[in-house]
*Asks:* 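Before I ask anything, here is the structure I am working with.
Each ligand, and each atom within it, is numbered from 1 in the order the structure gives.
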Amino acid sequence: MAVNIEKYSSLLNELKGKATLIAVSKTKPVEDIQALYDLGQRDFGENYVQEMVDKQAVLPKDIHWHFIGHLQSNKVKFIAPFVHLVHGADSVGLLKEINKEGSKNNKIIDCLLQIHIAKEETKFGLDAEELKQVMANVEQFKNVQLKGLMGMASFSDDLNLVRNEFSTLLSLYTEHPQFSILSMGMSGDYTIAIEEGSNMVRIGSLLFGERNYSKPFLSGKNMQ
Ligand SMILES: *Cc1c(COP(=O)(O)O)cnc(C)c1O
């Protein structure tokens with residue numbers, strides 16, 4: 001068993017009253033998810049559509065599945081029936097698709113807008129100007145509920161940089177009093193994120209150990 005149970009309980013204590021813990025289980029076997037589930041964990045985060053669909057099919061139905069990866073419009077339909085919160089909404093086009101699938105499934109799909117706060121070019125997300133445009137367009141989407149913002153800081157040893165990036169995200173968040181979720185903070189930077197106002201952290205490797213992308217996540221199967 002690769003799950004760090006002690007870390008899990010100390011983390012819960014640390015986060016109590018401050019932030020919701022999303023256990024990021026991407027690439028990890030369903031046994032590891034079940035182990036945390038048995039301890040009471042219900043919120044899990046996944047990055048890959050097919051992987052989340054496969055895991056959802058075999059795990060308890062009261063799990064809250066958070067899609068935290070980059071979501072392609074043509075894959076929304078696969079997760080729409082069961083997804084709890086989409087963290088990475090980053091365009092009007094994607095929201096339109098989520099709205100369509102929400103409507104088909106007769107549900108309102110909760111979403112966070114991903115904001116680009118890191119220096120790295122590779123990270124997805126909106127800038128402040130694009131955020132305004134999306135906010136101006138989202139009213140029409142009756143089957144989408146925007147609950148807040150999500151962001152990833154730079155992978156950097158420069159803690160001031162990371163803090164500033166989180167602080168930028170907090171300012172955008174507080175400009176929208178209708179929002180209630182600020183998803184920021186991962187294994188390496190969640191302490192700073194919470195100091196900067198995060199109320200939802202996405203933590204993987206601290207709980208499940210380092211990821212090995214070549215191992216199958218469903219026992220006996222090798223799926224991608
Ligand atoms: C993988 C991932 C995480 C968790 O990362 P760790 O460093 O393992 O805690 C959090 N958020 C997103 C968007 C991720 O892709």
*Asks:* Under the 3.5 angstrom rule, does the side chain of Q114 hit a backbone N or O of F124 as a donor-acceptor pair?
*Replies:* yes
*Asks:* Tell me, yes or no, whether the heavy-atom count around N74 atom CG, taken from other residues, nucleotides or ligands under 6.0 Å, exceeds 12.
*Replies:* yes
*Asks:* Under a 4.0 angstrom heavy-atom cut-off, which atoms of ligand 1 come close to M150?
*Replies:* 13 (C)
*Asks:* Could you tell me whether Q114 approaches ligand 1 through its side chain, its backbone, both or neither, with non-hydrogen atoms closer than 4.0 Å?
*Replies:* neither
*Asks:* Give me the residue, atom name and distance of the protein heavy atom closest to atom 9 (O) of ligand 1.
*Replies:* S187 OG, 2.5 Å
*Asks:* Could you list which atoms of ligand 1 come closer than 4.0 Å to a heavy atom of K26?
*Replies:* 1 (C), 2 (C), 3 (C), 14 (C), 15 (O)
*Asks:* Answer with yes or no whether R211 contacts ligand 1, where contact means a heavy atom under 4.0 Å from a ligand atom.
*Replies:* yes
*Asks:* Find all atoms of ligand 1 within a distance of less than 4.0 Å from any non-hydrogen atom belonging to I203, and give their numbers and elements.
*Replies:* 9 (O)
*Asks:* Tell me, do Y173 and M184 make a side-chain contact under 4.5 Å, heavy atoms counted?
*Replies:* no
*Asks:* What verdict does the side chain to side chain contact (heavy atoms under 4.5 Å, CB included) test give for M135 and L113, after you've listed the backbone C-alpha separation in whole Å, the side-chain angles of each residue and the deciding distance to 0.1 Å?
*Replies:* CA-CA 10 Å; M135 291 307 293; L113 294 174; 3.9 Å; yes
*Asks:* Do R42 and Y37 have side chains that get closer than 4.5 Å, going by heavy atoms?
*Replies:* yes
*Asks:* Of all the non-hydrogen atoms in the protein, which one sits nearest to atom 11 (N) of ligand 1, and at what distance?
*Replies:* R202 NE, 2.9 Å
*Asks:* Taking 4.0 angstrom as the limit and counting only heavy atoms of G204, give me the atoms of ligand 1 inside it, by number and element.
*Replies:* 4 (C), 6 (P), 8 (O), 9 (O)
*Asks:* Do Q50 and D54 pair up side chain to side chain, a donor and an acceptor below 3.5 Å, judged on atom types alone?
*Replies:* yes
*Asks:* Of the protein's non-hydrogen atoms, which lies at the shortest distance from atom 13 (C) of ligand 1, and what is that distance?
*Replies:* I68 O, 3.5 Å
*Asks:* Closer than 4.0 Å to some heavy atom of M152 - which atoms of ligand 1 meet that?
*Replies:* 13 (C)
*Asks:* Measure the distances from the heavy atoms of L206 to every atom of ligand 1 and state whether one is below 4.0 angstrom.
*Replies:* no
*Asks:* Please check if any side-chain donor atom of H116 sits under 3.5 Å from a side-chain acceptor atom of D127, or the reverse.
*Replies:* no
*Asks:* Among all protein heavy atoms in this structure, tell me which lies nearest to atom 5 (O) of ligand 1, with the distance rounded to 0.1 Å.
*Replies:* M186 CE, 3.4 Å
*Asks:* Do other residues, nucleotides or ligands put more than 12 heavy atoms under 6.0 Å from the CD atom of Q178?
*Replies:* yes
